[in-house]
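Step one of this worksheet: look at the structure below.
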Amino acid sequence: YPDAERGYVQALAAFLFEHQPEPLAIEHTVGSVTHGYAGRYDLRARIGERVGLLDAKTSKRVYPESHFPQLEAYEAAAVECGAEPTDFRAVLRLGADGKYELAESYASFEEFLGIKAAYDALKRIKAARPSKRKARAVAA
């Protein structure tokens with residue numbers, strides 16, 4: 001592997017060797033008709049006695065405020081699509097240094113919905129912004 005990718009591959013290999021996940025779904029797209037979103041998680045696997053939904057990241061660290069709500073959204077959409085609920089959701093952070101971190105989510109789906117509602121509100125406000133030409137005409 002090229003030098004720029006080698007550490008991430010080593011981190012993934014270390015995770016696979018240590019945890020020996022049994023893949024149940026890989027790169028699986030899910031969506032929620034009820035809440036109007038879709039996404040794709042990386043791995044649903046049995047690890048030991050538990051089934052987990054994992055999303056791999058190559059960021060410098062795990063960002064619970066964004067990564068964990070995303071995982072909870074994937075989980076809810078997967079269940080809406082007919083999957084059984086998982087026992088846990090986690091970010092698998094792969095480091096350029098060859099090390100990995102497996103961080104289990106402690107967010108809730110309700111927290112995701114709050115973030116989504118705020119995002120949707122900001123989109124509506126931005127879309128309703130008058131053009132500069134209209135704003136000048138109103139000011140004149």
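Side-chain atoms are counted along with the backbone in the values below, which use heavy atoms only and exclude waters and symmetry mates.
Closest approach of P69 to S66, counting heavy atoms only: CD-O, 3.5 Å. Closest approach of Y37 and A73 over heavy atoms only: OH-O, 2.7 Å. Of all non-hydrogen atoms in C81 and G31, the two that sit nearest each other are SG-O, 3.3 Å. Of all heavy-atom pairs between A11 and K99, the closest is CB-O, 3.3 Å.
Using a distance-only test at 3.5 Å, with no hydrogens or angles considered, a donor-acceptor pair links the side chain of R6 to the main chain of Y1. Using modelled atom types, no side-chain atom of D42 and backbone atom of E27 make a donor-acceptor pair closer than 3.5 Å. Panel note: side chain E111, backbone S108; a donor-acceptor pair is recorded below 3.5 Å.
Pairs passing the side-chain hydrogen bond (donor to acceptor under 3.5 Å, both in side chains) check and including a residue from residues 70-83, sequence neighbours excluded, read S32-E80, T34-E80, K57-Q70, Q70-Y74, E72-R89, E72-S105, E75-T86.
Here the straight-line distance linking atom CD of E101 with atom CG of L94 works out to 10.5 Å at 0.5 Å rounding. Annotation: the span from H28 atom NE2 to L43 atom CG amounts to 12.0 Å, rounded to 0.5 Å.
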Query raised in the report: Which is it for E84 and R44 under the side chain to side chain contact (heavy atoms under 4.5 Å, CB included) test, yes or no, and what are the steps along the way?
Result: CA-CA 11 Å; E84 289 294 318; R44 180 185 183 95; 4.1 Å; yes
Report task. Please test D120 against K116 for salt bridge (Lys or Arg N to Asp or Glu O under 4.0 Å), starting from the C-alpha separation and ending with a verdict. Result -> CA-CA 6 Å; D120 291 345; K116 183 181 181 304; 2.8 Å; yes
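Side-chain contact between L71 and V91: present, with at least one pair of heavy atoms (C-beta onward) separated by less than 4.5 Å. The side-chain heavy atoms of T29 and Y41, taken from C-beta on, include no pair separated by under 4.5 Å. Taking 4.5 Å as the limit, some side-chain heavy atom of F15 sits within range of a side-chain heavy atom of P21. The side-chain heavy atoms of L92 and D55, taken from C-beta on, include no pair separated by under 4.5 Å.
In summary, the side chains of Q10 and Y100 do not present any donor paired with an acceptor at a separation below 3.5 Å, with no hydrogens or angles considered.
Around CZ of R40, the count of heavy atoms belonging to other residues, nucleotides or ligands within 6.0 Å does not exceed 12. Atom OH of Y63 sits in a crowded spot, with more than 12 heavy atoms from other residues, nucleotides or ligands closer than 6.0 Å. With a 6.0 Å radius and a threshold of 12 heavy atoms from other residues, nucleotides or ligands, E65 has its CD atom above the threshold.
Taking a cutoff of 4.0 Å between a charged side-chain nitrogen and a carboxylate oxygen, E104 and R50 qualify as a salt bridge.
The aromatic rings of F112 and F109 sit parallel, their planes meeting at an angle under 30°, below the 60° perpendicular limit.
By the criterion of side-chain heavy atoms lying less than 4.5 angstrom apart, applied directly or through intervening Ile, Leu, Val, Met, Phe, Trp or Tyr residues, L12 is not grouped with V62; the two fall into different hydrophobic clusters. Follow the hydrophobic side-chain contacts under 4.5 Å out from L16 and you reach L54 in the same cluster.
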